[in-house]
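Encoded as structure tokens, the structure appears first; notes follow it.
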Number of protein chains: 2
Amino acid sequence: MPKSRASPERSTQVDRVANRLHSAAIHLLRGLRVEDTLSGLTAPRMSVLSVLVFAGPRTLGELAAAEQVRRPTMTRLIQGLEKDSLVRRQADPTDGRVSRMHATAKGRALLLEGRARRVAALRKRLEGLSPRDLDTLDRATELMERAVQAPA
Amino acid sequence: MPKSRASPERSTQVDRVANRLHSAAIHLLRGLRVEDTLSGLTAPRMSVLSVLVFAGPRTLGELAAAEQVRRPTMTRLIQGLEKDSLVRRQADPTDGRVSRMHATAKGRALLLEGRARRVAALRKRLEGLSPRDLDTLDRATELMERAVQAPA
DNA sequence: GAAAGTAGTTAGCTACGCTAATTATCGTAT
DNA sequence: ATACGATAATTAGCGTAGCTAACTACTTTC
């Protein structure tokens, strides 16, 4: 690959943006971490629950892949969520090895509350911005999501 | 402060941006997590090291505050970093209770490599964007950092 | 129906987070 | 000068989260 080379200016720009975006995302999320303690749910459990709520029922292996952890780790996360009645499992009628995880009503409610708290905290911090700045951020989120999808 | 502006339109916009920004930041960082395994350093240790490298020597308590963990947790993080010769402590000459942590040359090098890997991965994903889009992202990072500073 | 493959669990380890209690030092007030 | 309260850090002990290796229980394939 001929290192597609645009100008050195562009190279600098991409680099600069990558660097700053990286830092900004870290700092932004760090500031919201505080809100999570109120839910009584740990971050990994919250994250699993959010997959089940937003993407629907999933097998243990699918969840492990989605969360980028190994299956034994997911086994225990699910066990914890089950004990708190936030998730239920349902056996697959055609394949005796697998069972599908479902968020319970309680689990869904807990997740949505926690998420709302985080978003509310972020919202509060954005309140000082002008409509024009908010628009910039809005377009930036679009670009960020596109970058996530982009080929590694 | 008189709770300025509360039109439904603006309310909707802030809310929308908060929601999307929250998700986008999570997704963006999740995609970069893979790169970290190569450093041999765990995320919490990497983070502590980055404070020392970019903000300079700090006491254990200051580090704990910066990383939002309790002091005993920081004690062990530092012990781990010390064992790998990534951090050294230096006694405070005036106060016998405290010692200041310094990143060693090895620690600084390791951190910068790890960070470079993450940024390079992000950079690769941003390469498809136009200069105009990059500019939008650049301005957005500015706004994000400002939001982080904003009063909770 | 035996062998190979797949989904999930168990066992056992390290790391990270916490609180409570302890040690050592500092500052201050008597 | 000493004694007392405050502060910095560590130790002890607990639960959760991550891993690998080894196991069980099914499915698929030949």
Side-chain angles (χ1 to χ4, degrees), chain A residues 29-30 32-52 57-84 86-102 110 114, chain B residues 29-30 32-52 57-84 86-102 110 114:
Chain A
L29 293 181
R30 173 173 304 164
L32 300 180
R33 224 157 50 182
V34 187
E35 308 298 326
D36 290 343
T37 61
L38 299 182
S39 73
L41 262 190
T42 63
R45 286 184 191 176
M46 185 89 108
S47 188
V48 171
L49 197 48
S50 89
V51 172
L52 293 179
R58 288 288 184 277
T59 68
L60 191 141
E62 288 167 346
L63 287 174
E67 294 297 301
Q68 299 176 7
V69 298
R70 302 293 176 178
R71 274 180 299 198
T73 299
M74 189 52 64
T75 293
R76 276 190 312 186
L77 287 173
I78 291 294
Q79 283 168 352
L81 288 165
E82 267 187 302
K83 191 144 38 107
D84 290 344
L86 304 172
V87 159
R88 255 199 318 266
R89 44 210 316 161
Q90 189 164 346
D92 183 312
T94 85
D95 188 336
R97 292 169 303 179
V98 315
S99 53
R100 286 203 166 58
M101 314 301 155
H102 300 252
L110 194 71
Chain B
L29 294 180
R30 173 175 304 166
L32 300 180
R33 223 158 49 182
V34 187
E35 310 296 326
D36 289 344
T37 61
L38 300 182
S39 73
L41 264 190
T42 64
R45 287 184 192 177
M46 185 89 109
S47 188
V48 171
L49 197 47
S50 89
V51 172
L52 293 180
R58 287 288 184 277
T59 68
L60 192 141
E62 288 167 346
L63 287 173
E67 295 297 301
Q68 298 176 8
V69 299
R70 300 294 175 178
R71 273 181 299 199
T73 299
M74 189 52 64
T75 292
R76 276 190 311 185
L77 287 174
I78 291 294
Q79 284 168 351
L81 289 166
E82 268 187 304
K83 190 144 39 104
D84 290 343
L86 304 172
V87 159
R88 255 199 318 265
R89 42 212 316 163
Q90 189 164 346
D92 184 310
T94 84
D95 188 336
R97 293 168 302 178
V98 315
S99 52
R100 287 206 163 54
M101 315 300 155
H102 298 253
L110 194 72

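Each chain gets a letter, A, B and so on, in the order its sequence line appears, and its residues count up from 1.
In this entry the distance linking CE of A:M74 with P of C:dT10 reads 16 Å, nearest Å.
With sequence neighbours left out, the side-chain hydrogen bond (donor to acceptor under 3.5 Å, both in side chains) criterion links A:R71 to no other residue. In terms of the side chain to side chain contact (heavy atoms under 4.5 Å, CB included) criterion, B:A66 has no residue partners (sequence neighbours excluded). Partners of A:Q79 according to the side chain to side chain contact (heavy atoms under 4.5 Å, CB included) rule, which considers only residues two or more places apart in sequence or in another chain, are A:T75, A:R76. Shown here are the salt bridge (charged side-chain N to carboxylate O under 4.0 Å, His left out) partners of B:E82, two or more places apart in sequence or in another chain: B:R89. The side chain to side chain contact (heavy atoms under 4.5 Å, CB included) search around B:L110 returns B:L41, B:L86, B:E113, not counting sequence neighbours. Annotation: side-chain hydrogen bond (donor to acceptor under 3.5 Å, both in side chains) contacts of B:R70 (sequence neighbours excluded): none.
At a threshold of 4.5 Å between non-hydrogen side-chain atoms, the residues A:L52 and A:H102 do not count as touching.
Looking at heavy-atom distances under 4.0 Å, B:R89 makes contact with sugar-phosphate atoms alone, never a base.
Residues B:M74 and B:L63 share a closest heavy-atom pair of CE-O, 3.5 Å.
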* Asked: For DNA chain C, what is the dot-bracket line, given that a base pair needs Watson-Crick (N1 to N3, plus N6-O4 or O6-N4) or G-U wobble (N1-O2 and O6-N3) geometry with both distances under 3.5 Å, and | means paired with another strand?
  -> ||||||||||||||||||||||||||||||
* To do: Quick one, give me the B/S/- string for nucleotides 24-30 of chain D, reading 5' to 3', where B means a protein heavy atom under 4.0 Å from the base and S means that only happens at the primed atoms, P, OP1 or OP2.
  => --BS---
* Heavy atoms under 4.0 Å is the rule here; annotate nucleotides 13-18 of chain C 5' to 3' with B where the base is hit, S where only the sugar-phosphate is, and - elsewhere. => --SBBB
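Contact annotation: B:Q79 side-chain N/O to D:dT10 OP1/OP2 distance is not under 4.0 Å. Contact annotation: B:T75 reaches the phosphate of D:dT10 (side-chain N/O to OP1 or OP2, under 4.0 Å).
Rounding to the nearest 0.5 angstrom, the gap separating the CG atom in B:L77 from the CE atom in B:M101 is 11.0 Å.
Across residues 59-67 of chain B, not one residue has a non-hydrogen atom less than 4.0 Å from an atom of DNA chain C.
Between the side chain of B:E35 and the main chain of B:L32, no donor-acceptor pair closer than 3.5 Å is present.
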Can you give the donor-acceptor pairs under 3.5 Å from side chains of residues 43-50 of chain A to other protein atoms, not counting sequence neighbours?
residue, atom, partner, partner atom, Å
A:S47, OG, A:E67, OE1, 2.6
A:S47, OG, A:E67, OE2, 3.4
A:S50, OG, A:S47, O, 2.9

Less than 3.5 Å apart, which donor and acceptor atoms pair up between the side chains of residues 92-99 of chain B and the rest of the protein, not counting sequence neighbours?
residue, atom, partner, partner atom, Å
B:D92, OD1, B:T94, N, 2.6
B:D92, OD1, B:T94, OG1, 3.1
B:D92, OD1, B:D95, N, 3.0
B:D92, OD2, B:R100, NH1, 2.8
B:D95, OD1, B:R97, N, 2.9
B:D95, OD1, B:R97, NE, 3.1
B:D95, OD2, B:R97, NH2, 2.9

